[in-house]
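Just so it is clear, the structure is predicted and the values come from calculations on it, not from any experiment.
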Amino acid sequence: MESIFNYFETIPTFHRSLLLAGGITLFWLMEGAFPLFKFSYKKWKHAGPNFFLTATTIIINFGLAFLLLLTADWVKVNHFGIINWLPTMPLWLYVVLGVMMLDFFGAYLAHYVEHKVNPLWKIHLVHHTDHHVDTTTGNRHHPLESVIRFTFTLMGVFIVGTPIAVVFIYQSLSVVFTQLTHANIRMPKKLDKIISYFFVSPDMHKIHHHYVLPYTDSNYGNIFSIWDRVFGTYMEFDREKLVYGVDVFPDEVKNGQITELLKQPFQDYHNPTIISEKDIL
């Protein structure tokens, strides 16, 4: 664990870029071999806007990365934060707890708040209006959302007190899980279920992309499924019945155009449809 910790402490930017590109390539190929849904779409055309928004996310994160470095160095020097106030523990446990808590603040909490605060939901909406969820959807975020997510992660680093090595481990795992859970792959249901007891699995997350409430407001987690289970936001649904998108933004053409996606947060707010408990049953 010490060698892994030391590696991530100074991980080259090139290696992090390889992780992003390699993950997309791997899951892209797996989608072709083991698709969950046989989409009748032009895969490269669909990926275009998503890759554009991925690029904006990368630019924003790299542009603000110095804030993460400064904060991680400060909490380390000042022995500040939850994880630094706990009793001395093995390095592996220190890393696991640090990653789990960053996953709560940087992913679960940020995601939950985006769904509950209307102005933030309108920004996050861009991620949900993809009608063909695949691995490229994972980083389909409006530039404003990239700033919001970064802010929550920065808050997490400060509150938790994680050093930069743990931050980079968390971010690397986050990238891989984001690509995996959005990938259009058919994993054996039993295997997916077993995974979902500990981590966010592909089927578990795709329920979050079902086009109507209450499913859209469930399964917020990114890496660990514990947060959804602890806070009562875990839901199950038959993956064969999934319909992607948002019911009040049904225009598939507009939802696949970069200019429309950039304007989407500034449109009039639409109240989402809620399926009654009777309809669910």
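With salt bridges taken as basic N to acidic carboxylate O contacts below 4.0 Å, none links Asp203 and Lys193. Between Glu236 and Lys241, no side-chain nitrogen of the basic residue sits less than 4.0 Å from a carboxylate oxygen of the acidic one, so the salt-bridge criterion is not met.
Using cut-offs of 30° and 60° for the angle between ring planes, the Tyr41 and Phe39 rings count as perpendicular. Between Trp44 and Trp28, the angle of the ring planes lies from 30° to 60°, which puts this pair in the tilted group. Between His205 and His127, the two ring planes are tilted [angle within 30° to 60°].
The distance between the ring centers of Tyr220 and Tyr112 falls below 6.0 angstrom. For an aromatic pair to be called close, the ring centres must be under 6.0 Å apart, and His111 with Trp227 fails this. His210 has its ring centre less than 6.0 Å from the ring centre of Phe237. Separation of the Phe198 and Phe224 ring centroids does not fall under the 6.0 Å cut-off.
In this structure, the side chain of His46 engages the main chain of His132 through a donor-acceptor pair within 3.5 Å. Judged purely by atom type and a 3.5 angstrom limit, Asp247 has no side-chain atom pairing as donor or acceptor with the backbone of Val212. The closest donor-acceptor contact from the side chain of Glu31 to the backbone of Asp134 lies at 3.5 Å or more, if one exists at all. Between the side chain of Gln179 and the main chain of Leu20, a donor-acceptor pair closer than 3.5 Å is present.
In summary, the side chains of Ser146 and Thr57 do present a donor paired with an acceptor at a separation below 3.5 Å, with no hydrogens or angles considered.
By the side-chain hydrogen bond (donor to acceptor under 3.5 Å, both in side chains) test, Glu145 pairs with His124, His141, Arg149, sequence neighbours left out. Applying the side-chain contact (heavy atoms from CB on, under 4.5 Å) criterion to Ile258, with sequence neighbours excluded, gives Pro49, Phe52, Leu262. Qualifying side-chain hydrogen bond (donor to acceptor under 3.5 Å, both in side chains) partners for Asp251, counting only residues two or more places apart in sequence or in other chains: none.
One finds the CE atom of Met187 at 10.5 Å from the OG atom of Ser196 (value rounded to the nearest 0.5 Å).
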Thr136 and Asn50: side-chain hydrogen bond (donor to acceptor under 3.5 Å, both in side chains), yes or no, with the steps?
CA-CA 6 Å; Thr136 69; Asn50 294 354; 3.0 Å; yes
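Cation-pi geometry between Arg186 and Phe34 is not met at under 6.0 angstrom from the ring centre and within 45 degrees of the axis.
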